[in-house]
Structure formats: structure tokens, C-alpha cells
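In this text the structure is predicted, and so the values were computed from the model without any measurement. Atoms within each ligand, like the ligands themselves, are counted from 1 in listed order.
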Amino acid sequence: MLGASRAVLSGLVGVLLTAAAAGATPEELARGELLFHIGGCTNCHTAKDGPLLAGGDPLVTPFGTFYAPNITPDPETGIGRWTREDFLRAMRFGKAPDGSPYYPAFPYTSYARMSDADLGALEAYLRTVPPVRRPNRAHELSFPYNLRWGLYLWQWLFHDPAPFRPDPARSETWNRGAYLVEGPGHCGECHTPRTIWGALDRDRAYAGGRLGKETIPNITSDPVRGIGGWSRGDLRTFLLIGIKPDGDFVGGEMAKVVRNGTAKLPEADREAIVEYLLSLPPR
Ligand code: HEC
Ligand code: HEC
């Protein structure tokens, strides 16, 4: 009896120590998990039927094929040796621990909008996924995109690392929606067209574009080109179960965004996304 309760107690102490070692509270881990879902990390970093976050399927782009790396806590092949600062630098500045720049196929250009506190919570959560030993696969890029140093110039010209700043003239719900969409949700990385430099064309934000062979729809409030004709309820249903107002199920990459992301959010966060999307100027 005493033995059993001592075992339970030492188990509990173990759990508490692990949490304390990572400096994470249960609230922080829960917040990190939510950000992990809406961040869609698994959509790129997990291969079909492969181990969670241990490296993804080929991501085909006009510049070549990328393979999202292993981001499990494995110390050899994952990011288990990284410090929290390393993680923050990658997500906000798009820089590896050795200072080299990342390709924007990794949507740090949006994740940079997240707060340090949220990035910290996400990092704490990622430490809780099982470490998997699986070496990374090199990207297959065409010249000159295979020259990583070109990204120093690209980042200098196009990357804004500033976190999201709330608009005091708008409601708290609108600001929460804007944060989720612009930051972790990285919706514009697909729905905003790109310039010839591969940077997001902010003047045409959310006006739709192309992703490989997929056509990405316009999600501004334009009633014809966009989703201005959708009711709040239509959009709420879409973000929860992926059914469009015409009864069609969502497909392709967006099906993953809904299933792994928006469907897993608390109701209030989905509502905030609805509020923000329906306020996007028509384009
Ligand atoms: C659209 C696909 C995509 C999504 C979504 C994505 N990543 Fe990545 N990620 C990549 C690619 C591609 C790279 C490699 C970039 C490079 O080599 O320059 C990468 C690199 C990284 C790295 C650097 C790893 C290393 O070994 O240097 C980290 C850390 C990372 N991603 C974390 C995340 C997290 C956390 C999320 C979710 C919030 C996420 N990624 C979502 C595609 C993605
Ligand atoms: C990886 C690329 C990608 C990301 C990221 C993405 N989307 Fe999509 N989205 C698509 C594609 C592709 C479609 C078209 C799917 C279809 O028609 O079956 C789509 C469709 C939609 C539609 C339906 C539009 C219509 O007219 O049918 C809405 C609304 C939408 N996305 C909202 C969002 C929101 C909100 C986010 C961020 C949380 C987001 N998307 C992130 C690729 C993406």
C-alpha cells in the first residue's frame, strides 16, 4: 500500500520535474498544443503514414522540391539539442542556429507574427512529442535557388520579423482572429498571391493564387470573387467540418488545414477567425 502510493508519488514527482525542467506549466503546454494545430506543422513535417513530425513528403514548388525536416526532440536527427532561443530565432527570423537563412517554403514569414510567449509555449509542446531518429532529406532545388546565401538578400528585402500588433480601434475578437490568421494560421501563405520574387503581394492580400497544380480561392469579402456571399454560419461550418455552402466538401491542402487546424480550435477562436475573414477588404 505504502509502496504503491510511493510509486504513484514518485511518478508524479517525475512528471512535475519534467514539466519544471522544460519550464512549462500545463496551461502553457495546452496553449502550445493549440498553436501546433492551427500552425499546421504536421501538414508539412509529417510524411503520409510516417512518424509525427519526423520529416515530410516532397513539397513541390516552382523553385524545386523541399523536404520539411525532422522537428522531433531527437538529439541527432531532430531539434532535441536546440535551446528555446534557437527555436525563437528560427520561427521569427527564419535563421538556423548557425545563422544561415531558411527558405520561405517554411512559412516563418507568418509565424514571425506570433508573440514570444506563444512561440515559447509551442516550443514547450514540441518537446513533448516522441523523439524519432530519422535523417533529413536534402532539398532538390534548381539553380540559382539551390544557393542558400541568396536568401540573405531575400530576407533583408522581404522578411518582416515584427510580432503582430493589435489594432486598438477593433474588437478583442477581431484582433484574436487577425492574430490567428496572420500568425500561426499562416492563411495568406496560400491565399495571397506572390510577386515574381516569391514574396507575398500584400496589395492583393487573400485574393487567391496557385499552389503547384491547385487553384487557391479568393477569401476576401468580395461577394463574387471572394466569400462575401457566405454567412457567418456558412464560414463557421466550413472551418469546423469543411463543408461549403453549396454542399461540397473541401479538398486538397485545405482539407488538412481544416482537419488538423481550424476544427481543433475552441469555438471562440473559430468565431474570431470568422469575424476577421469577413472583414477583409474585397479584392
Ligand atoms: C508549408 C510547409 C511547412 C509548414 C506548415 C511548417 N514548416 Fe517547418 N519547415 C518547412 C521547410 C520546407 C523547412 C526547411 C527550410 C529550409 O531548409 O530552409 C522547415 C524548417 C523548420 C525548422 C528548422 C529545422 C531545422 O532542422 O533546421 C523548424 C524548427 C520548423 N520548420 C518548425 C515548424 C513548426 C513549429 C511549424 C508549425 C508551427 C512548421 N515548421 C510548419 C516547411 C513547413
Ligand atoms: C496549404 C495551403 C492553404 C492554407 C495554409 C490555407 N488554405 Fe484555405 N484553401 C486552400 C485551397 C487549395 C482551397 C480550395 C479547396 C477546395 O476548393 O476544395 C482553400 C479553400 C478555402 C476556403 C473556401 C473558399 C471557397 O471559395 O471555396 C476558405 C474559407 C479558406 N480556404 C480559408 C482558409 C483559412 C481561414 C486559412 C488559415 C487558417 C486557410 N484557408 C489556409 C489552401 C490553403
Side-chain angles (χ1 to χ4, degrees), residues 32 35-46 53 55-59 61 65-72 77-82 86-91 94-98 100-108 110-111 114 118-119 122-123 125-126 129 136-139 141 148 151 177 180-192 206 208-220 222 225-230 234-235 237-239 242-246 248-258 260-263 265 269-270 273-274 276-278 280:
L35 293 161
F36 161 77
H37 290 314
I38 187 66
C41 319
T42 188
N43 297 344
C44 291
H45 286 275
T46 307
L53 299 182
D57 288 319
L59 268 170
T61 76
T65 301
F66 291 91
Y67 295 90
N70 183 337
I71 56 166
T72 73
T77 60
I79 59 169
R81 290 217 183 98
W82 285 28
D86 290 336
F87 183 77
L88 260 63
R89 196 182 310 119
M91 300 291 284
K95 298 255 196 270
D98 70 2
S100 58
Y102 287 123
Y103 287 96
F106 165 27
Y108 59 83
S110 292
Y111 298 145
M114 292 167 72
D118 274 0
L119 288 172
L122 177 58
E123 190 255 0
Y125 176 74
L126 289 177
V129 310
N136 289 328
R137 202 167 155 182
H139 308 315
L141 306 178
R148 199 176 271 275
L151 294 167
L180 290 170
V181 166
E182 303 288 337
H186 69 281
C187 315
E189 299 281 344
C190 290
H191 286 280
T192 296
Y206 301 100
R210 295 197 70 78
L211 180 77
K213 285 190 234 75
E214 268 191 286
T215 304
I216 316 273
N218 180 320
I219 55 167
T220 71
D222 188 279
R225 288 188 295 271
I227 57 169
W230 293 28
D234 288 341
L235 197 47
T237 306
F238 178 81
L239 296 175
I243 297 184
K244 299 184 200 177
D246 62 9
D248 255 9
F249 262 106
V250 68
E253 291 299 315
M254 190 63 202
K256 293 191 208 164
V257 172
V258 172
N260 300 330
T262 56
L265 292 177
D269 279 347
R270 246 187 325 274
I273 292 181
V274 168
Y276 179 65
L277 286 185
L278 292 180
L280 290 173

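- None of the N, O or S atoms belonging to C41 lies under 2.8 Å away from atom 8 (Fe) of ligand 1.
- Residue I71 places a heavy atom under 4.0 Å from ligand 1.
- Nearest to atom 18 (O) of ligand 2 among the protein's heavy atoms is G251 N, 2.7 Å.
- Between the choices H191, R270, R225, the shortest heavy-atom distance to atom 42 (C) of ligand 2 belongs to H191.
- Near G40, meaning under 4.0 Å from one of its heavy atoms, ligand 1 places the atoms 5 (C).
- When non-hydrogen atoms are compared, ligand 1 lies under 4.0 Å from the side chain of Y111 (C-beta onward) but not from its backbone.
- Considering backbone and side-chain atoms alike, K244 places an N or O below 3.5 Å from some N or O of ligand 2.
- In terms of protein heavy-atom proximity, atom 23 (C) of ligand 2 is closest to F238 CZ, 3.5 Å.
- Shortest contact from atom 1 (C) of ligand 2 to any protein heavy atom: C190 SG, 2.7 Å.
- Contact annotation for L277 and ligand 2: only side-chain heavy atoms (C-beta onward) come within less than 4.0 Å of the ligand.
- Closest N/O/S atom of H45 to atom 8 (Fe) of ligand 1: NE2.
- What sits closest to atom 24 (C) of ligand 2 on the protein, heavy atoms only, is P217 CG, 3.7 Å.
- Taking each of P69, G183, S100, G32 in turn, the one with a heavy atom nearest to atom 13 (C) of ligand 1 proves to be P69.
- Within ligand 1, the atoms closer than 4.0 Å to a non-hydrogen atom of R148 are 16 (C), 17 (O), 18 (O), numbered from 1 in the order shown.
- Heavy-atom contacts of L126 reach the following atoms of ligand 1: 35 (C) (cutoff under 4.0 Å).
- The part of W82 lying near ligand 1 is the side chain, judged by heavy-atom distances below 4.0 Å.
- Only side-chain heavy atoms of V257 come within less than 4.0 Å of ligand 2; its backbone N, CA, C and O stay farther off.
- The closest approach between any non-hydrogen atom of A105 and ligand 1 is below 4.0 Å.
- Contacts of P107 with ligand 1, taken as heavy-atom pairs under 4.0 Å, involve the side chain alone.
- Looking only at atom types and distance, the side chain of T220 has a donor-acceptor partner in the side chain of N218 under 3.5 Å away.
- Of all atoms in ligand 1, listed by their number and element, those nearer than 4.0 Å to a heavy atom of Y102 are 15 (C), 16 (C), 18 (O), 23 (C), 24 (C), 25 (C), 27 (O).
- The closest approach between any non-hydrogen atom of I219 and ligand 2 is below 4.0 Å.
- Contact annotation: L235 has at least one heavy atom less than 4.0 Å from an atom of ligand 2.
- When only modelled atom types and interatomic distance are considered, T77 and N70 share a side-chain donor-acceptor pair under 3.5 Å.
- Scanning the protein for heavy atoms near atom 30 (C) of ligand 2, the closest one is M254 CE, 3.5 Å.
- In terms of protein heavy atoms, atom 12 (C) of ligand 2 is closest to E214 OE2, 3.2 Å.
- For ligand 2 and V250, the ligand atoms under 4.0 Å from any heavy atom of the residue are 15 (C), 18 (O).
- Counting only heavy atoms of the protein, atom 25 (C) of ligand 2 lies nearest to W230 CZ2, 3.7 Å.
- At least one heavy atom of H139 lies less than 4.0 angstrom from ligand 1.
- Nearest non-hydrogen protein atom to atom 36 (C) of ligand 2 is C187 SG, 2.8 Å.
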